[in-house]
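Written below as structure tokens is the structure these notes are about.
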Amino acid sequence: MTKPLIHGLSRLELEEACKGMAIPAYRAGQIWAWLYGQRVAAWTDMKNLPASLREGLAGRFEIVPVTLLKIEGAHESTRKILVGLRDGECVEEVLIPARDRKTVCVSSQIGCRFACVFCASGKSGCVRSLEAGEIVGQVLLAWREFVDRPSNIVFMGMGEPFDNYDAVLKAVRILNDPDGITIGARHITISTSGVVPGIERLAGEGLQVELSVSLHAPENELRSRLMPVNRRYPLADLLTACRKFATATNRIITFEYTLIRGVNDSRQQAQALAKLLKPIPSRVNLIPLSPVKGFDGQAPVPETGVMFIDILARSGINATLRVSKGTGIDAACGQLRMRSRKVIHEN
Ligand code: SAH
């Protein structure tokens with residue numbers, strides 16, 4: 001049987017585990033500091049613990065949550081990491097440095113079962129959900145590669161975070177711990193394809209986490225075609241949940257809108273989007289489609305972004321166009337894993 005990941009334990013669970021092993025409570029604080037202050041990767045590095053205690057912990061817990069299999073992209077630019085997991089599977093994470101922030105885009109599942117037509121992650125279904133420790137492990141890996149502590153975490157890698165709600169929330173609380181990695185909740189963004197029960201649950205957590213909703217279409221027929229999740233949670237239900245979330249948390253919601261030429265990028269669709277979002281405290285993040293194998297959609301012509309921004313602005317909605325930073329390294333989620341599997345199959 002594989003040992004549980006030590007990075008998957010909340011602070012309280014670590015204290016409980018110590019109690020169960022008859023270890024004095026203050027040791028839990030020391031272990032936490034080694035894990036998240038010093039970020040050691042070996043039990044033997046925990047110098048102020050007696051050897052017998054280190055051996056006891058090593059027998060009970062795994063201390064290496066994830067490994068770096070491959071890294072693409074140059075230093076100081078967007079880089080993509082293929083992250084190895086203990087069962088031989090892999091996920092992707094993306095490191096996005098900017099002048100004032102160092103953002104890590106983490107995965108929450110191996111693959112995804114939501115099958116949005118333009119997304120590489122959903123092309124071969126979901127293998128499994130990640131454990132909290134595997135999510136925390138991605139952030140520690142990013143810290144090592146960035147050299148500095150990541151400033152922002154976005155759950156926009158592979159998977160649907162609300163299809164793995166408990167592990168994602170546990171990871172958020174571990175990342176947010178004031179004696180640990182200390183990433184403020186406002187610097188953590190959970191992005192959902194529109195899983196209404198997840199939005200409702202998150203609204204009641206008492207956390208100041210940012211919510212991002214992938215919208216991609218202003219009406220049901222098109223949205224259901226692009227994102228099958230819309231058949232289960234149509235726009236009216238989704239937007240009601242969003243409005244309640246905004247009221248309960250006093251947060252502005254970010255709506256992601258991937259622009260696909262001739263599909264969802266017309267002036268009328270921009271106007272419909274503005275009308276739909278007007279009642280909700282919202283901002284819009286426009287993303288030009290990143291080409292994906294298996295989907296023949298194209299990125300919009302360059303003027304489209306400005307047209308959307310203008311129309312949304314007239315309804316008082318702030319919109320930004322994401323500059324595609326990762327095209328050269330297949331940064332749309334799931335692409336690197338798809339390619340690495342192909343290589344594995346071809347060999
Ligand atoms: N499942 C979650 C988080 C992962 S996807 C969600 O749907 O929000 C992160 C964002 O990238 C989503 O907005 C998704 O729709 C978008 N995306 C996926 N594939 C893309 C592509 N080929 N081009 C542009 N954006 C893409």
Side-chain angles (χ1 to χ4, degrees), residues 78 80 91-94 96 103-126 129-130 135 138 153-165 167-168 171 188-196 198-199 202 209-217 222-223 225-230 232-233 238 241-242 253-261 263-265 273 282-300 304-305 319-339:
T78 300
K80 188 152 184 164
V91 289
E92 302 171 7
E93 69 175 304
V94 184
I96 311 153
T103 303
V104 190
C105 173
V106 295
S107 290
S108 57
Q109 297 183 306
I110 308 169
C112 183
R113 62 191 185 95
F114 286 68
C116 301
V117 293
F118 47 79
C119 178
S121 296
K123 295 287 174 222
S124 46
C126 179
S129 284
L130 295 188
I135 298 170
Q138 292 173 64
I153 311 295
V154 297
F155 283 83
M156 290 188 187
M158 298 167 65
E160 167 50 52
F162 289 155
D163 194 32
N164 185 19
Y165 189 96
V168 166
I188 301 176
T189 301
I190 298 181
S191 179
T192 180
S193 57
V195 178
V196 166
I199 297 171
L202 188 65
V209 177
E210 295 284 333
L211 176 67
S212 191
V213 174
S214 297
L215 203 62
H216 308 324
L222 176 60
R223 191 164 192 270
R225 225 168 352 114
L226 298 175
M227 307 177 73
V229 66
N230 193 68
R232 180 97 193 263
Y233 306 113
L238 175 59
C242 288
I253 298 175
T254 301
F255 288 91
E256 308 279 326
Y257 196 97
T258 294
L259 293 162
I260 311 169
R261 192 189 301 185
V263 174
N264 65 353
D265 69 341
L273 179 65
S282 55
R283 67 173 83 83
V284 172
N285 196 0
L286 300 161
I287 317 163
L289 178 78
S290 173
V292 165
K293 239 200 183 122
F295 176 64
D296 61 8
Q298 290 177 316
T304 309
T320 49
L321 181 66
R322 190 187 293 173
V323 196
S324 194
K325 286 189 186 150
T327 316
I329 54 164
D330 282 352
C333 47
Q335 291 184 339
L336 180 61
R337 175 169 177 270
M338 196 148 91
R339 193 148 44 79

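One-based numbering, in listed order, for ligands and for the atoms of each. Since the model is a prediction, treat every value here as computed from it, not as a measurement. If you read the sequence from its start, that first residue is 1, and numbering goes on from there.
Taking every non-hydrogen atom of E256 and a distance limit under 4.0 Å, the qualifying atoms of ligand 1 come out as 13 (O). Using a 4.0 Å cut-off to heavy atoms of S214, the atoms of ligand 1 that qualify are 6 (C), 7 (O), 8 (O), 12 (C), 13 (O), 15 (O). Numbered from 1 in the order shown, with element, the atoms of ligand 1 that lie under 4.0 Å from a heavy atom of S191 read 2 (C), 3 (C), 6 (C), 8 (O).
Polar contact check, F155 against ligand 1: no nitrogen or oxygen pair lies under 3.5 Å apart. Considering backbone and side-chain N/O atoms, F118 comes within less than 3.5 Å of an N/O atom of ligand 1.
The parts of L289 lying near ligand 1 are both backbone and side chain, judged by heavy-atom distances below 4.0 Å. Counting heavy atoms under 4.0 Å from ligand 1, residue V213 does not touch it at all.
V154 meets the side-chain contact (heavy atoms from CB on, under 4.5 Å) test with T103, C105, M156, T189; sequence neighbours excluded. Residues satisfying the salt bridge (charged side-chain N to carboxylate O under 4.0 Å, His left out) test with R113, not counting sequence neighbours, are D163.
Here the straight-line distance linking atom CZ of F114 with atom OG of S121 works out to 12.5 Å at 0.5 Å rounding.
Scanning G157, S107, A120, P291 for the heavy atom closest to atom 4 (C) of ligand 1 points to G157. In this comparison of V229, T258, V292, the heavy atom closest to atom 16 (C) of ligand 1 sits on T258. The option from M156, E160, H216 that lies nearest to atom 14 (C) of ligand 1, judged by heavy atoms, is H216. Considering only non-hydrogen atoms, atom 1 (N) of ligand 1 lies nearest to G159 out of G297, S121, C116, G159.
Using a 4.5 Å cut-off on side-chain heavy atoms (C-beta onward), F295 and L289 make contact. Contact of the C119 side chain with the V292 side chain is not registered, since no non-hydrogen atoms from C-beta on lie closer than 4.5 Å.
Remark: R232 CZ is loosely packed, at most 12 non-hydrogen atoms of other residues, nucleotides or ligands lying under 6.0 Å away.
The closest donor-acceptor contact from the side chain of N164 to the backbone of S108 lies under 3.5 Å.
Residues E93 and S107 bring no donor and acceptor atom of their side chains to less than 3.5 Å of each other.
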